[in-house]
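So you know, we letter chains A, B, ... as the sequences are listed, proteins then strands, and number each from 1.
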Protein chains: 4
Amino acid sequence: MTDINEPTPTATPKRADARRNEQTLLDAAAALFVTSGVEVPVRDIAAKAGVGTGTIYRHFPTRADLIIAVYRHQVEGCAEAGPALLSSSASPYAALRQWTGLFVDFLTTKHGLAAVLRTDNDEFKALHAYFLGRLVPVCTALLSAAVEAGEVRSDIEAQELMRGVGSLCIGASDPHYNARRMVDLLINGLRHG
Amino acid sequence: MTDINEPTPTATPKRADARRNEQTLLDAAAALFVTSGVEVPVRDIAAKAGVGTGTIYRHFPTRADLIIAVYRHQVEGCAEAGPALLSSSASPYAALRQWTGLFVDFLTTKHGLAAVLRTDNDEFKALHAYFLGRLVPVCTALLSAAVEAGEVRSDIEAQELMRGVGSLCIGASDPHYNARRMVDLLINGLRHG
Amino acid sequence: MTDINEPTPTATPKRADARRNEQTLLDAAAALFVTSGVEVPVRDIAAKAGVGTGTIYRHFPTRADLIIAVYRHQVEGCAEAGPALLSSSASPYAALRQWTGLFVDFLTTKHGLAAVLRTDNDEFKALHAYFLGRLVPVCTALLSAAVEAGEVRSDIEAQELMRGVGSLCIGASDPHYNARRMVDLLINGLRHG
Amino acid sequence: MTDINEPTPTATPKRADARRNEQTLLDAAAALFVTSGVEVPVRDIAAKAGVGTGTIYRHFPTRADLIIAVYRHQVEGCAEAGPALLSSSASPYAALRQWTGLFVDFLTTKHGLAAVLRTDNDEFKALHAYFLGRLVPVCTALLSAAVEAGEVRSDIEAQELMRGVGSLCIGASDPHYNARRMVDLLINGLRHG
DNA sequence: GATGAATGAGGCTTCATTCAT
DNA sequence: AATGAATGAAGCCTCATTCAT
């Protein structure tokens with residue numbers, strides 16, 4: 001910071017051990033999120049990662065930061081799949097349906113993630129913003145194409161649709177409930193009216 | 001016992017003050033459920049009602065008992081509306097759609113109730129059971145009638161549908177989200193095989 | 001007590017229902033003391049007796065009063081057995097040993113009573129006083145006779161001995177412990193000086 | 001790590017402040033156990049030690065852990081005294097008597113400890129187990145030696161004897177009661193039969 | 001940078017006791 | 001007299017977060 005030869009003028013590059021730690025933390029958190037939900041105690045994550053709790057706070061000041069980091073790769077993958085599907089599918093509606101399926105697959109394998117996305121708890125505001133900010137534009141493109149192709153009604157917005165899909169994925173672990181079927185119904189419902 | 005006008009011959013009627021207190025409690029709880037969700041601390045409810053915490057435990061041994069009591073009237077009303085709509089509506093499907101609308105109206109005006117219904121927290125098991133036990137049969141009747149009339153697909157069960165509807169009502173207070181529209185989509189999606 | 005004339009000229013005689021209630025209470029308390037110890041919640045006793053808690057407090061202002069009342073008959077019986085044994089036994093020491101046996105029988109069949117007798121909790125002061133006041137003189141007579149007969153050492157006081165016996169009866173329900181054997185040891189130890 | 005003076009190479013040594021705190025806690029607990037018994041509220045101990053309640057739970061997850069830690073030194077001392085007395089005393093019986101005296105000294109200076117040892121409260125199971133596990137073997141050795149020397153009767157087991165001794169130490173603070181004298185009686189009583 | 005010890009607010013629940021009905 | 005509703009003090013325990021080492 002005070003060195004005139006500073007290699008990266010803006011950000012100091014992370015030390016190797018810090019980077020290693022960060023990955024360890026992400027792995028531990030991901031594992032615990034699956035088994036205990038994203039509200040698992042910080043100490044449990046620290047213990048699983050073999051670090052102190054302070055280390056978590058250094059790398060991820062808020063829980064939302066940690067959750068975002070854990071799922072960033074998959075969210076990115078989902079976002080990138082949108083345009084790809086649009087160009088490879090038989091119709092925009094088919095692409096929309098397939099893309100929605102990917103999103104459902106992602107959410108339903110993350111115990112508790114869907115629930116937290118729908119919470120209006122301040123703690124998760126940033127998480128919320130990240131998810132929608134990254135995925136709404138993708139969904140909008142798919143939806144618009146389907147509308148323009150005359151396949152679906154035009155009065156639904158992508159953001160709302162995504163929230164609906166997200167909501168339907170809450171509690172997907174219940175054996176008496178099948179989120180995918182419900183989402184299929186929802187997407188099917190886009191066709192009339 | 002011999003008096004034809006005897007209101008409650010067997011059970012001792014509740015003392016007037018106790019009944020008053022119970023109502024005060026229900027009102028306080030209902031108000032706090034709206035502003036702070038159904039997980040609001042017991043002490044807050046007691047404070048708002050102007051009673052001691054023990055009084056709450058006397059009337060409602062578990063939190064689920066309290067929540068059920070708060071919403072009982074409306075759940076009963078919703079349950080009773082099912083058969084009525086079936087006989088008064090133009091078609092079973094129309095009745096189903098209207099009934100679903102009532103359910104959505106109920107849920108979306110109870111901040112946090114839909115969320116708690118989807119929680120798998122043990123604390124709410126009884127609540128869960130009460131809601132489903134009371135409403136699933138009603139929904140089943142409506143759905144079956146619509147299936148028999150050939151209006152909707154036959155592979156969806158009432159319980160699943162209700163959970164879907166319930167899920168879509170989570171976070172309905174968000175201005176960017178309209179639970180009713182999403183539920184309409186879902187019900188719409190029931191048509192077609 | 002059996003006097004045909006007014007038994008208590010000053011106090012208003014108890015109403016029949018009050019007397020009946022009192023007995024019901026004693027029975028209920030006795031039963032619960034056996035199964036749950038003498039510290040069982042007041043409400044449990046009231047419930048078992050089918051009365052309100054207030055009724056208990058009216059009849060027995062403190063818990064000690066209730067305990068004393070419950071055991072009065074047996075304590076009296078034990079007290080009266082002392083002189084009887086002294087005159088019927090082969091020797092004062094034999095009488096002392098037998099009498100101690102009666103006391104042990106009494107205590108060990110009252111789950112928790114021995115413990116509460118040894119507590120220095122203020123709540124039980126009166127209980128304490130009653131037991132000792134009634135039984136110490138009896139024990140003193142037995143012990144003195146044995147001392148005078150040259151059968152046991154003379155430096156032990158009845159009160160102390162009774163407390164020792166009482167202590168040894170604590171936890172008598174434990175299968176690895178036999179209060180009677182320990183008390184035998186203690187009494188045996190009185191010989192020699 | 002490469003320092004030849006490294007004190008504990010494998011286990012991370014406790015931080016100095018933690019160790020200090022632990023001692024402070026033990027001291028505070030010991031003091032309060034004396035004045036208020038071992039069931040004194042956790043918050044009181046924390047307050048006396050000048051720490052938060054969480055600190056107590058960190059160091060001693062259960063109350064039994066805390067009690068054991070408080071008395072560990074003295075229990076160990078008592079346990080170690082057994083064999084020593086056996087080899088230095090004039091006779092096994094004399095050793096037994098002396099050892100019992102040590103045990104009594106220990107218990108009678110710990111207000112409420114004897115009582116809790118006799119409680120069948122689950123909370124104290126571990127405490128119980130620790131005491132008996134550590135001291136019964138010692139007592140067994142002493143008792144067996146005395147039996148083999150023909151000094152005492154052979155039908156009493158160490159565990160039972162220890163419980164008896166423990167029981168006699170309950171309420172030792174009462175000026176009208178002398179636990180030591182009662183225990184002497186008990187040990188004396190071992191000689192016949 | 002990393003650690004993990006300490007903090008202490010915050011929630012739940014039980015019961016002895018009082019007192020309006 | 002009897003009732004039992006209401007009170008509210010007490011205790012327990014968990015965890016997010018800070019900060020000395």
Side-chain angles (χ1 to χ4, degrees), chain A residues 12 14-22 25 39-47 49-59 61-63 123, chain B residues 12 14-22 24-25 39-44 46-47 49-59 61-63 123, chain C residues 12 14-22 25 39-47 49-59 61-63 123, chain D residues 12 14-22 24-25 39-44 46-47 49-59 61-63 123:
Chain A
T12 309
K14 264 185 175 128
R15 264 167 44 177
D17 61 339
R19 228 176 317 123
R20 217 176 314 119
N21 248 335
E22 190 159 320
L25 271 174
E39 310 213 52
V40 66
V42 172
R43 267 219 279 273
D44 292 0
I45 303 173
V51 305
T53 52
T55 304
I56 294 193
Y57 283 96
R58 167 174 293 274
H59 286 278
T62 75
R63 182 179 291 266
E123 188 183 354
Chain B
T12 310
K14 248 182 183 139
R15 261 165 49 176
D17 60 340
R19 221 175 326 126
R20 216 176 316 122
N21 245 328
E22 185 159 326
T24 308
L25 271 176
E39 311 210 52
V40 65
V42 171
R43 271 214 271 270
D44 292 0
V51 304
T53 56
T55 303
I56 295 193
Y57 284 99
R58 162 177 291 275
H59 287 279
T62 73
R63 182 182 291 269
E123 188 182 358
Chain C
T12 309
K14 263 187 175 126
R15 266 166 43 175
D17 61 340
R19 226 176 320 122
R20 215 177 315 119
N21 247 335
E22 189 159 321
L25 271 175
E39 311 211 53
V40 66
V42 172
R43 267 219 280 274
D44 292 1
I45 302 174
V51 304
T53 53
T55 305
I56 294 193
Y57 283 96
R58 167 174 292 276
H59 287 278
T62 76
R63 181 180 291 267
E123 188 183 355
Chain D
T12 310
K14 246 180 185 141
R15 261 166 48 175
D17 60 341
R19 223 175 325 127
R20 217 176 314 122
N21 245 329
E22 185 158 326
T24 308
L25 272 175
E39 312 210 51
V40 65
V42 171
R43 272 215 269 271
D44 292 0
V51 304
T53 56
T55 303
I56 294 193
Y57 286 99
R58 163 177 291 275
H59 287 279
T62 74
R63 183 181 291 270
E123 188 183 355

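Between the CZ atom of A:Arg58 and the P atom of E:dG1 there is a distance of 6 Å, rounded to whole Å. Between A:Ile56 atom CD1 and E:dG1 atom P there is a gap of 17 Å when expressed in whole angstrom units. The CG atom of B:Leu25 sits 9 Å away from the P atom of F:dT7 (whole-angstrom rounding).
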Could you encode protein contacts along nucleotides 15-21 of chain F as a string, one character per nucleotide from 5' to 3', using B for base contact, S for sugar-phosphate-only contact and - for no contact, with a heavy-atom cut-off of under 4.0 Å? BBBB-B-
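Nearest heavy atom pair, residue B:Ala49 against residue B:Thr24, reads O-CG2, 3.6 Å.
For the strand DNA chain E, secondary-structure stems (runs of at least three Watson-Crick or G-U pairs, all distances below 3.5 Å) span E:2-21 with F:2-21.
Annotation: the span from A:Arg58 atom CZ to A:Thr53 atom OG1 amounts to 12.5 Å, rounded to 0.5 Å. Once rounded to the nearest 0.5 Å, the distance linking CG of C:Leu25 with CD1 of C:Ile45 reads 8.0 Å. Atom OG1 of B:Thr62 is separated from atom CD1 of B:Ile56 by 12.0 Å, given to the nearest 0.5 angstrom.
Applying the 4.0 Å criterion to OP1 and OP2 of E:dA2, one finds that A:Asn21 has a side-chain N or O inside that range. Between B:Thr55 and F:dA5, a side-chain N or O to OP1/OP2 separation shorter than 4.0 Å is absent. Between C:His59 and F:dA2, a side-chain N or O to OP1/OP2 separation shorter than 4.0 Å is present.
Residues meeting the side chain to side chain donor-acceptor pair (under 3.5 Å) test with B:Arg63, sequence neighbours left out: B:Glu123.
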